[in-house]
Number of protein chains: 2
Amino acid sequence: MTRKKTSADKGLDFGILPSLAGYQLRLAQIAIFRDFAAALGEFDVTPGLFGVIVIIDANPGLKQSELARAAHLDRSTVVSVIDNLERRGLVERRPADNDRRSNALVLTPDGVALLKKLKRRVGEHEKRLVEHLSEEERATLVTLLQKIFPEQR
Amino acid sequence: MTRKKTSADKGLDFGILPSLAGYQLRLAQIAIFRDFAAALGEFDVTPGLFGVIVIIDANPGLKQSELARAAHLDRSTVVSVIDNLERRGLVERRPADNDRRSNALVLTPDGVALLKKLKRRVGEHEKRLVEHLSEEERATLVTLLQKIFPEQR
DNA sequence: GTCAAATTGTTTGACGTCTAACAATATAAC
DNA sequence: GTTATATTGTTAGACGTCAAACAATTTGAC
């Protein structure tokens with residue numbers, strides 16, 4: 001027996017949680033988000049927002065719906081995300097060719113410039129993230145992560 | 001060169017994202033959340049809420065602040081979480097001994113009964129989660145995850 | 001013992017996300 | 001060609017989370 005339920009000391013009992021891969025992943029995610037926010041807080045950019053900017057940069061002219069699918073966001077969420085980025089002058093909605101319903105998304109020069117700074121910060125963040133992993137372990141981690149619900153991507 | 005930026009086909013370019021461990025972790029997390037929601041949607045329980053119930057069960061009488069720290073939630077978030085669980089008759093706030101500021105949290109019999117059902121569902125979910133991993137790979141994954149920002153836990 | 005500092009639970013307001021509904025437009029069936 | 005169906009962007013409403021401020025209470029310094 002490792003720990004009595006009724007123990008009065010500060011060490012809490014986490015029940016089955018630590019044995020669940022989903023829980024460990026969630027813990028890692030929370031820690032990552034914290035470090036990411038601390039590293040990029042000055043720019044008001046979350047991991048999700050960073051992903052959106054990278055995807056627009058790599059696919060100029062893509063439509064909001066395509067962005068939604070790529071970034072695992074709802075179409076309605078993309079509306080407010082792009083509202084946000086457009087208000088900040090980082091992204092532009094242009095009329096799309098051949099489809100008067102759609103907007104073609106492009107990064108503005110300011111957006112491109114910001115992305116450059118963000119990439120440097122994210123690089124440093126990523127370095128801290130894998131600080132206690134060897135390069136081989138890092139590669140293994142990525143491989144294993146990709147084996148989780150691969151049918152969903 | 002693997003893909004032209006200006007390609008007009010559906011395959012989007014994800015830029016540096018796939019090379020980031022943080023991004024792969026985020027993708028896995030999103031997929032896990034989806035499956036969890038599908039598996040437990042009927043009970044209106046998220047991974048975080050499940051964790052809260054497990055922790056209360058394993059540490060009856062703990063205070064809201066202790067729960068907040070354990071579950072990585074803000075104190076103010078715990079208020080609404082417990083409001084929710086108390087409204088559903090799953091958790092009870094009792095006056096704590098020796099501290100008139102604090103509440104001692106305990107699961108009601110209904111809460112204990114629900115937890116039992118939840119655990120079965122979560123077990124099935126966890127099984128799907130590691131479906132494409134060998135037992136050894138699963139253990140490795142957990143070990144590697146624990147090496148990410150270990151100082152934060 | 002008194003009084004400053006810390007802790008606890010709470011409220012309020014903000015933010016990001018989702019779902020459901022809608023109008024405009026495009027596509028497919030016939 | 002006309003008409004039904006699907007897709008796109010949007011709004012409105014809900015939910016979960018956080019941070020800041022607050023009153024009640026406890027703890028610690030002296």
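In what follows, chains are A, B, ... by sequence order, proteins preceding strands, each numbered from 1.
With rounding to whole Å, A:F36 atom CZ is found 14 Å from C:dG16 atom P. Here D:dT17 presents its C1' atom at 14 Å from CD of A:Q29, a figure rounded to the nearest Å. Rounded to whole Å, atom P of D:dT7 lies 18 Å from atom CG of A:N98. One atom, CZ of B:R69, and another, P of D:dC18, lie 14 Å apart when rounded to the nearest Å. The CG atom of A:L85 sits 14 Å away from the C1' atom of C:dC15 (whole-angstrom rounding). Rounding to whole angstrom units, CZ of residue B:R88 and C1' of D:dC15 are separated by 12 Å. Rounded to an integer number of Å, the gap from CG of A:L105 to C1' of D:dG9 is 11 Å. In this structure, the CG atom of B:N84 is 16 Å from the P atom of D:dA14, given to the nearest Å.
The side chain of B:R75 lies closest to C:dG9 when the candidates are D:dG16, D:dT8, C:dG9. When distances run from any side-chain atom of B:L73 to the nucleotides C:dT8, D:dC18, D:dT8, the shortest one goes to D:dC18.
Summary of the strand contacts: A:S80 and B:D83 both lie near DNA chain C, and taking for each the nucleotide with the nearest heavy atom, the more 5' one is attributed to B:D83. Between A:N103 and A:R34, the residue anchored nearer the 5' end of DNA chain D, judged by the nucleotide with its closest heavy atom, is A:N103. A residue-by-residue look at A:G48 and B:D74 shows that B:D74 has its nearest nucleotide of DNA chain C further toward the 5' end.
Here A:T77 lies in heavy-atom contact (under 4.0 Å) with a base. Counting any heavy atom pair closer than 4.0 Å across all strands shown, A:V78 reaches no nucleic acid atom. Here B:S76 lies in heavy-atom contact (under 4.0 Å) with a base. Residue B:S65 is classed as a sugar-phosphate contact, given heavy-atom separations below 4.0 Å to backbone atoms only. Using a 4.0 Å heavy-atom distance criterion, A:D99 is classed as a sugar-phosphate-only contact. Among the heavy atoms of the strands lying under 4.0 Å from B:R93 are primed sugar atoms or P, OP1, OP2 only; no base atom is included.
In this structure, B:K63 reaches the C:dT8 phosphate: one of its side-chain N or O atoms is under 4.0 Å from OP1 or OP2. An OP1 or OP2 oxygen of C:dA24 is reached within less than 4.0 angstrom by no side-chain nitrogen or oxygen of A:R100. Proximity of A:Q64 to the phosphate of D:dT7: no side-chain N or O atom is located under 4.0 Å from OP1 or OP2.
Residues A:R34 and B:H72 share a closest heavy-atom pair of NH1-ND1, 3.8 Å. Contact between A:L25 and B:A28 at its shortest, heavy atoms only, is CD2-CB, 4.2 Å.
Ion pairing between a basic and an acidic side chain is recognised when a charged N comes within 4.0 Å of a carboxylate O; A:R121 and A:E42 show such pairing. B:E135 and B:R138 are joined by a salt bridge, as a carboxylate oxygen and a charged side-chain nitrogen come within less than 4.0 angstrom of each other. Residues A:D83 and A:R88 are not paired through a salt bridge, judged by the lack of any N-O separation under 4.0 Å between the basic side chain and the carboxylate.
Interface remark: the B:R101 side chain does form a donor-acceptor pair with the C:dT7 base, using a distance-only criterion of under 3.5 Å.
By the 4.5 Å heavy-atom criterion applied to side chains, A:L115 and A:F50 are counted as neighbours.
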